[in-house]
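I have placed the structure first, in the form of structure tokens, so that the comments after it can refer back to it.
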Protein chains: 2
Amino acid sequence: MGQTDTVTRILDTAEVLFAERGFAETSLRHITSKAKVNLAAVNYHFGSKKSLIQAVFARYLDPFTERFHAALDELEARYAGGVIPLEELLETMARTVLEVPAERNSLKVFMRLLGLAYSQAQGHLRRYIQSEYGSVFSRFTELVRRATPDLPDAERFWRLHFMLGTVIFTLSGLDALRDIAEKDYGEHVSVRDLVRRLRPVVVAAMSAPLPEAAIPAAEAS
Amino acid sequence: MGQTDTVTRILDTAEVLFAERGFAETSLRHITSKAKVNLAAVNYHFGSKKSLIQAVFARYLDPFTERFHAALDELEARYAGGVIPLEELLETMARTVLEVPAERNSLKVFMRLLGLAYSQAQGHLRRYIQSEYGSVFSRFTELVRRATPDLPDAERFWRLHFMLGTVIFTLSGLDALRDIAEKDYGEHVSVRDLVRRLRPVVVAAMSAPLPEAAIPAAEAS
DNA sequence: TTATATTTGAAACAGCTGTTTATCATCAGG
DNA sequence: CCTGATGATAAACAGCTGTTTCAAATATAA
């Protein structure tokens, strides 16, 4: 039982329980007992529950941002100076998202955590993720901007978040949806299947016609 | 201070706090103190915290299902026997969703609650909503099926959930997104604006080309 | 080895959780 | 008036929460 073994076991157990039940609903005692680790170990190694939550995210997001930056570097080099097509950008992001947790075969956990990060109150989490990993997202959106020059900035902003919602919602609730789909359509759906289905939808959504001009609300409607 | 005034004040306060902080993070004491109501009143009138949560949803979903059924009745009558176009179906759903909470100008709360219902663990909530309000959704999807006869059943199932994710994710995280959009693009976004932007995206997503056929995973990839 | 730091362990801490109990006020119908 | 039911109130309940404390164990370095 090495020195950092305790840390790893806490993280491994915590991420699963967090993904299953949320942050507030998961107690440190639940984590430590399931991880067969002393209760005080969490506060000793991580300082607080909040820091533990952030550490769980960092273990996914650190390698993700590293790989994603590298992949974007490679992409920019390949299209030296030119514009990277939207499909390539989306494809690269999808590939990176799939790669990272594959090392611990836990894409489901990763996606569920991302969903929780957005939906749970936990203001500290959103702030932490934004300040720590916001720059990769900015770089990506800037490349998307160049790939979709006809889209007004605000429209692109909203559509990117529409698609973020699609992906996170679907993949974080994947187990429940998969059960229904399997029962109703007798079809087993893998994550790669889902990504395959997502691709044309996302592309179509991003290149949809612009909405009709806003109608200024009448004084008395 | 009438007889059911306490009940209403509990519900009004609870829905706001639940929407802001989630269910587990909102204590009964927080609700009752802010509602200026005795702590025991919750258990007296609702029985338990779980039942209070369900009551909060029922106050939105009961009028919603009633109006939505009525709207679909009217729509089916108008297209007597024929197929209702997809745009009409989406339009009707959007209108009904917007109408219901408008009476208490709290669409944001309504959407946030829906988002929580999906993302929070709270298994009892999903089961409650499914068993109590699942039939409206079934009726709607059946009409969508007739409106999109070329779409394979499984594909339509997934795309509907993609779009559900888009809407719930966007509208439930609306405040945060709106702040960013306003800061970056100096543009104030109303909910009706957002619905206007959503329309072409949803239509395009539902009518996107089918994904390329699945590639059976090679034995050794 | 001894000395020093790092990591575990069991127990206790104060505070908050949902729920229950028992007492009190209010108001209806007889 | 009295009676009985309904609702409000304060207090207590047992249980769980994150965190701290301090002693024991272990590893590291000299």
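Naming: A, B, ... by sequence-line order, numbering from 1 per chain.
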Heavy-atom nearest nucleotide on DNA chain C taken for B/A24 and for A/A41; more 5' hit belongs to A/A41
Taking only N and O in the side chain of A/H30, is any of them less than 4.0 Å away from OP1 or OP2 of D/dT17?
no
B/R9 CZ to D/dG7 C1', in whole Å, measures 13 Å
Whole-Å distance, A/I10 CD1 to D/dT19 C1', equals 14 Å
Between NZ of B/K50 and C1' of C/dT19 the distance, given in whole Å, is 14 Å
note: A/L17, atom CG; D/dT17, atom P; distance rounded to Å ~ 12 Å
Query raised in the report: Quick one: is C/dT8 close enough that its OP1 or OP2 comes under 4.0 Å of any side-chain N or O from A/N38?
Result: no
Among D/dG7, C/dT7, D/dT19, the one nearest any side-chain atom of B/Y44 is D/dG7
Atom CZ of A/F46 and atom P of C/dT8 are separated, to the nearest Å, by 11 Å
Closest heavy-atom pair, A/V189 versus A/R178, reported as atoms and distance to 0.1 Å, is O-NH1, 2.7 Å
Next on the checklist: Just to be sure I understand the rule, does B/S51 reach a base, reach only the sugar-phosphate, or reach nothing, if contact means heavy atoms closer than 4.0 Å?
Outcome noted: nothing
DNA chain C nearest-nucleotide lookup for B/S27 and B/A40: closer to the 5′ end is B/S27
Requested in this report: Describe the nucleic acid contact of B/T26 in one word from base, sugar-phosphate, nothing, applying a heavy-atom distance below 4.0 Å.
Outcome: sugar-phosphate
So CG of A/D12 and CG of A/D5: to nearest 0.5 Å the spacing works out to 9.0 Å
query: With respect to the phosphate group of C/dT7, does any side-chain polar atom (N or O) of A/T6 fall under 4.0 Å of OP1 or OP2?
result: no
A/H45 atom NE2 is separated from C/dG9 atom C1', nearest whole Å, by 12 Å
Here the distance between atom P of C/dA10 and atom CG of A/L39, to the nearest Å, is 11 Å
Of the listed D/dT19, D/dG7, C/dT20, the closest approach to the B/N43 side chain comes from C/dT20
Closest to the side chain of B/K49, out of C/dA10, C/dT19, D/dG7, is C/dT19
Side-chain atoms of B/R29 come closest, of D/dG7, D/dA12, C/dA12, to D/dA12
Salt-bridged, A/E155 to A/R159, with N to O below 4.0 Å?
yes
In this structure, CG of A/L75 is separated from CG of A/L89 (nearest 0.5 Å) by 6.0 Å
Rounded to whole Å, CG of A/D5 lies from P of D/dA27 at a distance of 12 Å
Polar contact flag, side-chain donor to acceptor under 3.5 angstrom, A/Y118-B/S172
no
